[in-house]
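Right, one structure below, let's go through it.
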Amino acid sequence: MATAGHVDHGKSTLVRALTGTEPDRWDEEHRRGLTIDLGFAATTLPSGRVLSFVDVPGHERFLGNMLSGLGPAPMVCFVVAADQGWQAQSSDHRDAIAALGISTGLIVITRADLAPERAPEVLAQTRRELAATGLQNAPAVTISATTGQGLDQLRTTLDDVLAAGNTPSEDEPVRMWVDRAFSLRGAGTVVTGTLAAGRLQREQHLHILGEETDDTVVVRGLQAHGADVDTLTPANRAAVNLRGITTEQLGRGHVLLTPGAWHLTDTVDIRYASGEDFSQTPRHVTVHIGTAAVAARCRPFDAQHGRITLSRRLPLVIGDRLLLRSSAHRTVLTGAEVLDVAPPALARRGDGNRRSATLAGMSSGGDFDEEISRRKAITADMLQRIGYQIPEQLPAGIRRLGDWLVDSEQVNQWVGQLRSITETRLQQDALSAGLSDGAAIDSLQLPDEALLTPLVQEAGLQQSAGRITTVGQQRGLGKAEESVVVLEQELGEQPFNAPEAYRLQELGLGERELAAAERQGRLLRLSGGVILLPSTPALAMRELSSLDQPFTTSAARQVLGTTRRVAIPLLEHLDSRGWTRRVEASLREVVR
């Protein structure tokens with residue numbers, strides 16, 4: 001749980017009273033009596049639950065540090081002092097909570113001993129100010145950390161808040177934003193952060209990503225609340241001892257990830273969520289998510305939708321909340337919801353207006369059916385990396401083709417196009433071997449060549465040697481048809497009398513015509529330019545079986561009534577089919 005509230009309203013004092021731990025870590029903080037950086041402490045509640053606090057600075061000069069503490073936190077303790085009431089940084093922190101979409105937490109009215117009569121009024125004012133945030137109906141407690149008033153009730157209320165909160169899943173991929181990085185003697189590099197989901201364990205390989213860091217690291221050790229553990233589940237504060245990287249390479253804003261489980265993107269399309277709408281957003285902004293603060297360019301499409309181009313890649317999913325600040329101002333400007341982490345390029349005139357209309361029709365938080373319908377086709381892996389869980393039973397209207405999930409209408413469109421272009425190709429060129437795979441992929445504009453084979457099957461076509469043809473259709477051979485019929489008749493009368501080259505030339509049958517006839521199963525081409533009917537090998541076997549076994553090539557030639565030019569390629573063909581076999585260099589036998 002992160003704290004939030006105006007400077008000097010007692011956030012750190014409250015954490016100290018609940019946990020017995022001093023959250024201010026730096027000498028300068030003690031000298032100035034002012035929280036500058038994030039502080040960390042934990043307490044055990046009456047139920048036995050352990051609650052970790054991330055104490056944030058309240059002063060406007062340290063708003064960036066505050067956002068680093070608030071960004072990864074699943075819940076917030078919003079603090080307002082009874083003697084001072086709502087103040088300027090109270091509004092900044094309220095706007096940050098609204099921007100980040102935090103909806104779990106509680107309100108604490110502190111310093112009640114200094115102005116007990118004002119506590120009800122300040123609480124009422126606080127509720128009015130938080131009415132447009134996720135804390136509008138949050139429970140409230142009035143306390144004095146100095147006298148101890150209300151602390152027991154606060155602990156009970158904290159327990160109730162935790163019990164009512166969402167239970168994060170340890171089966172989800174890890175995305176832990178780093179808020180500290182340091183080195184310990186004998187241990188090496190350590191990072192800390194909030195494990196909001198997923199599981200960490202010793203010897204686990206993780207991906208560490210930062211502005212100039214993109215490496216694989218190994219978990220050497222884990223600590224939670226100062227104790228060594230072998231495994232850590234959410235939601236917990238985690239200290240992770242890493243092998244394979246130095247402290248100098250790490251810092252706040254880096255993120256530990258399950259390798260390969262996240263889509264890393266530098267371009268996202270967003271929807272307005274809170275604060276100033278996009279009509280007021282400057283071109284150059286700072287985007288906050290987790291503990292990261294990243295420079296970015298904003299392109300508004302309209303007042304409610306826009307595109308953010310980040311200066312570095314981040315692991316973002318649909319539904320993430322971003323906080324936008326102007327580089328020229330310290331205050332929070334805008335909260336935005338991520339609608340698309342892999343948006344299309346915008347190159348043509350009017351693309352921005354068309355994209356705006358598309359985004360306006362998209363559901364907040366993402367919709368599985370809608371996502372596939374809009375994209376037409378997307379891999380299951382990509383869907384999971386951008387934030388979707390794939391149901392075991394796919395909804396109607398969605399088809400699985402290999403690794404791809406495809407809108408059914410798109411499948412039907414591709415299948416119809418594939419049939420049409422294949423048939424057109426064969427009609428235009430009777431001698432064609434069929435539509436090439438490459439031409440089919442280009443014509444259909446398939447996002448992946450792996451989609452072609454299942455589409456061929458869907459279309460009832462056949463695919464062989466990189467060519468697609470129709471099945472079971474007598475296509476004929478165009479202008480060569482008459483000559484092939486003549487050749488079939490001649491070979492039917494004298495099956496072992498393969499035509500000489502001059503005869504093929506007289507018939508006008510060249511390489512292309514003969515190859516087409518062979519593909520249609522009408523001729524058999526053997527080595528040396530020998531052309532026979534497909535039935536000839538079977539006829540040859542009947543004659544060869546009548547010979548004394550084993551037999552010579554000369555004996556085979558004589559029984560077949562053919563020449564050596566034909567006999568040798570024919571016998572080699574029979575060998576290759578396993579119908580005959582050599583027993584000596586010059587002898588063969590029929591395989592019984």
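Just so it is clear, the structure is predicted and the values come from calculations on it, not from any experiment.
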What residues, two or more places apart in sequence or in another chain, satisfy side chain to side chain contact (heavy atoms under 4.5 Å, CB included) together with L547?
L544, Q549, F551, A555, V559
Do T231 and L222 make a side-chain contact, defined as non-hydrogen atoms from C-beta onward lying under 4.5 Å apart?
no
Is there a donor-acceptor contact under 3.5 Å from the side chain of D442 to the main chain of A439?
no
For E203, which residues count as a side chain to side chain donor-acceptor pair (under 3.5 Å) partner, sequence neighbours excluded?
R243
So, does T265 use its side chain to make a donor-acceptor pair with the main chain of V341 at under 3.5 Å?
yes
Side chain N241, main chain A187, donor-acceptor under 3.5 Å:
yes
Other residues, nucleotides, ligands: >12 heavy atoms within 6.0 Å of E211 CD
no
Please find the pair of heavy atoms, one from T553 and one from R564, that lie closest to each other, and give the distance.
CG2-NH1, 4.0 Å
Do any N or O atoms from the side chain of Q384 and from the backbone of D381 form a donor-acceptor pair under 3.5 angstrom?
no
With a 4.5 Å heavy-atom cut-off, do V591 and W579 have their side chains touching?
no
Counting only heavy atoms not in E409, do more than 12 fall under 6.0 Å of its CD?
no
Would you say the side-chain atoms of T562 pair up with the backbone N or O of F496, donor to acceptor, closer than 3.5 Å?
yes
Return yes when atom CG of D403 has more than 12 non-hydrogen atoms of other residues, nucleotides or ligands closer than 6.0 Å, and no otherwise.
no
With side chain to side chain contact (heavy atoms under 4.5 Å, CB included) as the test, pick out the partner of F301 among N353, T358, L359.
L359
Please check this pair: side chain of D448 against backbone of A450, looking for a donor-acceptor N/O pair closer than 3.5 Å.
yes
When you check the side-chain N and O atoms of S364 and E337, is any donor under 3.5 Å from an acceptor?
yes
Short question: side chain of Q204, backbone of Q201 - any donor-acceptor pair under 3.5 Å?
yes
Residue pair W414 / A377: nearest heavy atoms and the distance that separates them:
CH2-CB, 3.9 Å
Rounded to the nearest 0.5 Å, what's the gap from CG on L200 to CG on L232? Could you check?
6.0 Å
Of all the heavy-atom pairs spanning P315 and W262, show the shortest one and how long it is.
CB-CB, 3.9 Å
Between G521 and P534, which heavy-atom pair has the shortest distance, and what is it?
O-CG, 3.3 Å
Decide yes or no on side-chain contact (heavy atoms from CB on, under 4.5 Å) for I308 and L324, but give the supporting numbers first.
CA-CA 10 Å; I308 292 291; L324 277 58; 3.9 Å; yes
Is it the case that Q417 and S443 place a side-chain donor and acceptor less than 3.5 Å from each other?
no
Is it true that R374 and D367 make a salt bridge, defined as a side-chain N closer than 4.0 Å to a carboxylate O?
no
Just jot down the side chain to side chain donor-acceptor pair (under 3.5 Å) partners of R588, sequence neighbours excluded, or say none.
D575
Heavy-atom neighbours of E370 CD exceed 12 at 6.0 Å:
yes
Could you report the tightest heavy-atom contact between P391 and F368, atom names first, then the distance?
CD-CZ, 3.7 Å
Do the side chains of T453 and Q457 get nearer than 4.5 Å, heavy atoms only?
yes
Lys/Arg N to Asp/Glu carboxylate O, R375 vs E371, below 4.0 Å
yes
Provide the closest heavy-atom pair for R271 versus S363 in the form atom of the first, atom of the second, distance.
NH1-C, 4.0 Å
Only one of L455, V415, V456, L435 clears side chain to side chain contact (heavy atoms under 4.5 Å, CB included) with L461; which?
V456
Looking only at atom types and distance, does a side-chain atom of T536 sit under 3.5 Å from a main-chain N or O of L533, one as donor and one as acceptor?
yes
Worked check of side-chain contact (heavy atoms from CB on, under 4.5 Å) between L209 and R175:
CA-CA 10 Å; L209 182 69; R175 181 176 63 170; over 6 Å; no
I would like to know whether H254 and Q249 meet side-chain contact (heavy atoms from CB on, under 4.5 Å); could you show each step before the answer?
CA-CA 10 Å; H254 285 64; Q249 296 172 269; over 6 Å; no
Side chain to side chain contact (heavy atoms under 4.5 Å, CB included) with R307: of D269, I270, L339, D340, only one passes, and it is D269
E506 atom CD, over 12 foreign heavy atoms within 6.0 Å
yes
For side-chain contact (heavy atoms from CB on, under 4.5 Å), just list the numbers for H305 and D302, CA-CA rounded to whole Å, side-chain angles, deciding distance to a tenth of an Å, and then say yes or no.
CA-CA 5 Å; H305 302 96; D302 56 37; 3.3 Å; yes
Is the side chain of T189 donor-acceptor paired with the backbone N or O of I245 at a distance under 3.5 Å, no angle test?
yes
Is there a donor-acceptor contact under 3.5 Å from the side chain of T291 to the main chain of R252?
no
For N166, I'd like to know if atom CG has over 12 heavy atoms of other residues, nucleotides or ligands within 6.0 Å.
no
